[in-house]
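Reading through the structure tokens given below for one structure.
Values below: every heavy atom of this structure, side chains too, minus hydrogens, waters and symmetry copies. Each ligand, and each atom within it, is numbered from 1 in the order the structure gives.
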Amino acid sequence: MMECKVEVVIPEECRKLDQNEEWIEIVIDGKAERVRLHDYGRFYEIPGFYDQFYQDLQCRSPQVVCEALKQQIHRWGENRNPLRVLDFGAGNGQVGERLSRELNCRKLVGLDIIPEARAAAMRDRPDIYDEYYVMDLANLSEISHKNLTQWNFNTLVTVAALGFGDIGAQAFANACNLMPDGAWVAFNIKDRFLSDTDQSGFSQTIEILMEDGFELLESRRYRHRFSLAGEPLHYHVIVGRKNGNSRKIKTN
Ligand SMILES: C[S@@+](CC[C@H](N)C(=O)[O-])C[C@H]1O[C@@H](n2cnc3c(N)ncnc32)[C@H](O)[C@@H]1O
């Protein structure tokens, strides 16, 4: 991957912001611009920047989720069974790279909602995915559904992409419903979205999803990354097996 030549400035006021409001200033060739941390498209456009920046914030989620999935697969003695994986919210392929290195992936398909993610994965990690779709799973057309089901997935992985206006409950339910019973499902989610005090509604929808179609094997709180202020941000890693279809969930 190409070196990242971006100067990053973190203004003092940015150290007090909530996670989905965080922004930084970047300077490239003397030109400054403001970029929200959740503006993934802009991050991906700059070669190496997404990986370098999140490494500096000590983001551990790709590693934590992939290792948790690997451990459960081994625990169930299924490490020889080939995986056909959908990497949902695949971004520039960090998770795909790890999955292909550490697990027995027969097929690995990436999917993201923004074209910049696919372009970055093709640029930075061209040999990882068998296919990479740019699609909105919340509004799945018949042709897209057909394209996806032809892969006969048996594993769904979603890292750092649920909530915060990213992948919503409906899209996640649709992704789960693409999996057969017994499929592995591994994802992470901010601890706030699982708490009883969550006001976003996401906690409730995730709960319904889990009750409807999920056998929980592992749920563990861990440090996802540090905030711009240097505070730890905690998520849950969740691994389970799909077990029955999720009811359709209406989202706002
Ligand atoms: C923080 S990045 C994580 C990327 C990758 N999973 C990783 O861990 O490096 C979140 C990704 O989710 C994608 N995303 C957001 N909403 C989505 C949706 N509704 N469907 C698919 N991908 C989505 C974003 O475009 C972004 O690439």
Side-chain angles (χ1 to χ4, degrees), residues 1 19-20 22-24 35-46 48-69 85-102 108-125 128-129 131-141 144-145 147-148 155-178 185-190 193 200 202 205-206 222 224-227 233 235 237-238 249 251-252:
M1 201 186 304
Q19 188 177 340
N20 62 333
E22 286 182 312
W23 59 273
I24 51 174
V35 184
R36 283 183 63 236
L37 263 56
H38 284 194
D39 180 357
Y40 302 114
R42 186 61 187 124
F43 270 82
Y44 296 147
E45 275 170 353
I46 305 164
F49 185 42
Y50 177 85
D51 292 33
Q52 182 61 56
F53 186 77
Y54 281 93
Q55 192 179 315
D56 290 347
L57 293 178
Q58 295 182 38
C59 177
R60 300 161 59 206
S61 287
Q63 179 192 343
V64 168
V65 177
C66 294
E67 273 177 10
L69 174 61
V85 186
L86 177 61
D87 179 4
F88 183 28
N92 68 351
Q94 268 196 35
V95 171
E97 182 177 335
R98 213 169 255 285
L99 290 169
S100 71
R101 193 172 60 223
E102 296 180 13
L108 182 50
V109 173
L111 190 153
D112 205 285
I113 203 165
I114 58 169
E116 295 92 330
R118 183 181 192 281
M122 297 301 109
R123 180 194 62 211
D124 300 340
R125 298 178 172 92
I128 295 295
Y129 295 105
E131 182 60 271
Y132 193 120
Y133 296 107
V134 176
M135 272 183 199
D136 180 2
L137 286 199
N139 299 296
L140 199 52
S141 67
S144 298
H145 187 267
N147 279 335
L148 289 169
T155 307
L156 173 65
V157 178
T158 295
V159 179
L162 293 179
F164 288 126
D166 288 332
I167 295 172
Q170 181 69 65
F172 190 58
N174 289 348
C176 289
N177 289 346
L178 288 169
V185 180
F187 62 97
N188 68 341
I189 185 155
K190 191 170 171 62
F193 293 130
S200 71
F202 210 80
T205 44
I206 285 284
Y222 70 99
H224 159 63
R225 66 166 170 89
F226 287 101
S227 70
L233 299 174
Y235 276 49
V237 53
I238 293 177
I249 292 174
T251 49
N252 298 325

Quiz item: Tyr50 vs Phe43 aromatic rings, parallel, tilted or perpendicular, using cut-offs 30° and 60°?
Solution: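 Tyr50 and Phe43: perpendicular rings.
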Which protein non-hydrogen atom lies closest to [atom], naming both residue and atom, and how far is it?
atom: atom 17 (C) of ligand 1; result: Ile167 CG1, 3.4 Å
atom: atom 19 (N) of ligand 1; result: Ile113 CD1, 3.5 Å
atom: atom 5 (C) of ligand 1; result: Gly89 O, 3.4 Å
atom: atom 1 (C) of ligand 1; result: Ala160 O, 3.1 Å
atom: atom 12 (O) of ligand 1; result: Ala161 CB, 3.4 Å

Quiz item: With respect to atom 15 (C) of ligand 1, which of Asp112, Asp166, Val134 exhibits the smallest heavy-atom separation?
Solution: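 It is Asp166 whose heavy atom sits nearest to atom 15 (C) of ligand 1.
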Does [X] have a non-hydrogen atom less than 4.0 Å from ligand 1?
X: Ala90; result: yes
X: Leu137; result: no
X: Phe88; result: yes

Heavy-atom contacts with [X] under 4.0 Å: which atoms of ligand 1 show up? List them by number with element.
X: Tyr44; value: 2 (S), 4 (C), 26 (C), 27 (O)
X: Ile114; value: 25 (O)
X: Val95; value: 6 (N), 7 (C), 8 (O)

Interatomic distance, [X] atom [atom1] to [Y] atom [atom2] [nearest 0.5 angstrom]:
X: Asn92; Y: Asp51; atom1: CG; atom2: CG; value: 4.5 Å
X: Leu137; Y: Phe172; atom1: CG; atom2: CZ; value: 11.0 Å
X: Leu69; Y: Phe187; atom1: CG; atom2: CZ; value: 12.5 Å
X: Gln63; Y: Tyr222; atom1: CD; atom2: OH; value: 10.0 Å

Exercise. For residues Cys66 and Leu99, report the shortest heavy-atom separation together with the two atoms involved.
Key: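 Closest approach of Cys66 to Leu99, heavy atoms only: SG-CD2, 3.8 Å.
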Quiz item: If you take all heavy atoms of Asn147 and Tyr133, which pair is closest and at what distance?
Solution: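 Looking at all heavy atoms of both residues, the shortest contact is O-OH, 3.6 Å.
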Self-check item: Pair Tyr129-Ser100, side-chain donor/acceptor within less than 3.5 Å
Solution: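 No.
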Quiz item: Between Asp124 and Tyr44, do the side chains contain an N or O donor and an N or O acceptor separated by less than 3.5 Å?
Solution: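 Note: Asp124 and Tyr44 side chains miss the donor-acceptor criterion.
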Quiz prompt | Any N/O pair Gly165/ligand 1 closer than 3.5 Å | solution =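 By distance alone, the answer is no.
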Exercise. Compute the shortest N/O to N/O distance between Tyr50 and ligand 1 and return yes if it is under 3.5 Å, no if not.
Key: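 Right, the criterion is met.
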